[in-house]
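Okay, structure first, notes after.
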Amino acid sequence: MRTRHREPQLFGNEATLERMARILAARNIDPADATLPDDTEPFSPLDALLAAMPPRYQAAVADHPTVLDWVRKVTDAAVAPSRGARRQVTTGPSLLMAGVVGAGKTHQAYGAVRALVRSGVGVRWRATTAADLYADLRPRPGADSERELAAVSRCPLLIIDDLGAAKSSEWVEEVTYRLINRRYNYELPTLITTNLAIKDLRSYLGDRVASRLAQMTTRVEFEAVDRRRHSAAA
Ligand SMILES: Nc1ncnc2c1ncn2[C@@H]1O[C@H](COP(=O)(O)OP(=O)(O)OP(=O)(O)O)[C@@H](O)[C@H]1O
Ligand SMILES: [Mg+2]
């Protein structure tokens, strides 16, 4: 009987480095001479985390029970890429935070990232508003929007802020579908905020995205209070 040989499974950076070493060896390039691609994603520990956060949310503390529960689940699911290495966020559930303008959604999203980092796990993360993301991904001369979409789709933790705030179109629907479908398939934790009522997300994003979001996210509905109106000017 034939036994199947299986390659050991590698995770995260280790797998990437090994793949890169194989590619370089195949091209006769000494890895020491090769420059690594720019890595602009913020990476813990805390000082790097703070540098990457918008000042308004640098002190954000997540206190919503569902958000804190999400932090625990994602921390518990973190995996060490190799023996003795720090555990890294890999897969996990996602959150869809819905509420009126100023309700505190973005505050909870950044607070959740801070809580994750403080818990000691490593986390590669990115944050973007949906409108900025669409602007970055618009095909234009000199920009590799496919590569950018792949990078955002693959990032272990992604904040998509203000989903539904940009004008919808077939193109917006398609890009959002490709992004969400990728994160859905790979079970990558995603923090989404929106001003839209959850029922309106379906007509904005289409059935395919709405169906995936319904399965992959826990819904968090915020009290309809605009905190900006109740805080001192800053
Ligand atoms: N739990 C909190 N404690 C203290 N300040 C908070 C809290 N939640 C939100 N804030 C503050 O209230 C303001 C509005 O919060 P935030 O920007 O998170 O709202 P939002 O729901 O994302 O609004 P929008 O839909 O307009 O993007 C911000 O100045 C934020 O720092
Ligand atoms: Mg916001």
Side-chain angles (χ1 to χ4, degrees), residues 41-42 44 46-75 92-119 123 125-137 152-153 155-169 172-173 175-176 179-180 183 188-205 209-210 213-214 216-234:
E41 287 162 24
S44 53
L46 274 176
D47 50 350
L49 171 83
L50 286 180
M53 282 210 169
R56 184 166 300 281
Y57 300 105
Q58 279 183 2
V61 175
D63 54 5
H64 192 292
T66 312
V67 177
L68 294 175
D69 188 47
W70 176 88
V71 171
R72 268 191 297 275
K73 285 182 177 145
V74 173
T75 308
S94 295
L95 286 183
L96 176 59
M97 296 183 265
V100 298
V101 164
K105 305 176 296 294
T106 305
H107 178 100
Q108 294 296 321
Y110 281 106
V113 175
R114 285 188 71 216
L116 270 181
V117 173
R118 293 182 84 92
S119 79
V123 50
W125 63 283
R126 281 187 178 216
T128 178
T129 66
D132 284 340
L133 180 66
Y134 300 138
D136 287 345
L137 296 178
V152 178
S153 306
C155 186
L157 172 61
L158 179 65
I159 296 178
I160 308 174
D161 209 6
D162 286 333
L163 185 65
K167 195 171 170 343
S168 191
S169 67
V172 162
E173 219 176 281
V175 165
T176 312
L179 172 65
I180 297 297
R183 301 195 66 82
L188 298 175
T190 310
L191 294 166
I192 301 168
T193 79
T194 185
N195 287 139
L196 291 181
I198 283 162
K199 65 179 171 36
D200 294 331
L201 270 175
R202 183 172 294 272
S203 51
Y204 176 83
L205 294 168
V209 174
L213 288 181
M216 73 193 256
T217 63
T218 302
R219 260 51 54 81
V220 187
E221 307 230 22
F222 284 67
E223 205 187 328
V225 174
D226 182 351
R227 286 173 172 266
R228 294 191 187 104
R229 290 177 181 273
H230 298 281
S231 65

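Whatever order the structure lists ligands and atoms in, that order sets their numbers, starting from 1. Hydrogens, waters and symmetry mates are skipped; everything else that's a heavy atom, side chains included, is used.
Looking only at protein heavy atoms, the nearest one to atom 23 (O) of ligand 1 is G102 N, 2.8 Å. Residue, atom and distance of the protein heavy atom nearest to atom 22 (O) of ligand 1 are T106 OG1, 2.7 Å. Nearest to atom 9 (C) of ligand 1 among the protein's heavy atoms is R227 CD, 3.2 Å. Shortest contact from atom 21 (O) of ligand 1 to any protein heavy atom: K105 NZ, 2.6 Å. Protein heavy atom in closest approach to atom 15 (O) of ligand 1: G104 CA, 3.6 Å. Looking at atom 31 (O) of ligand 1, its nearest protein heavy atom turns out to be H107 ND1, 3.8 Å. Of all protein heavy atoms, the one lying nearest to atom 26 (O) of ligand 1 is R228 NH1, 2.9 Å.
Close N/O approach between G99 and ligand 1 is not found [any backbone or side-chain N/O within under 3.5 Å]. The shortest N or O to N or O distance between V61 and ligand 1 is not below 3.5 Å.
Of the candidates M97, Q108, Q58, R56, R56 brings a heavy atom nearest to atom 29 (O) of ligand 1.
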Passes side-chain hydrogen bond (donor to acceptor under 3.5 Å, both in side chains), T106 versus D161? Steps please. CA-CA 7 Å; T106 305; D161 209 6; 3.0 Å; yes
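K105 places a side-chain N or O within donor-acceptor distance of the main-chain N or O of G99, the cut-off being under 3.5 Å. No side-chain donor-acceptor contact under 3.5 Å links R56 to the backbone of H107.
The line from OG1 of T193 to CD of Q108 is 11.5 Å long, rounded to the nearest 0.5 Å.
Note: Y57 and Y110 have parallel aromatic rings, judged against thresholds of 30 and 60 degrees for the angle between ring planes.
Those atoms of ligand 1 that come under 4.0 Å of a heavy atom in N195, given as number and element, are 25 (O). For ligand 1, the atoms closer than 4.0 angstrom to any heavy atom of D162 are 27 (O). Set against the non-hydrogen atoms of D63, the atoms of ligand 1 under 4.0 Å away are 1 (N).
None of the N, O or S atoms belonging to T193 lies under 2.8 Å away from the Mg ion (ligand 2).
For Y57, the closest heavy-atom approach to ligand 1 falls below 4.0 Å.
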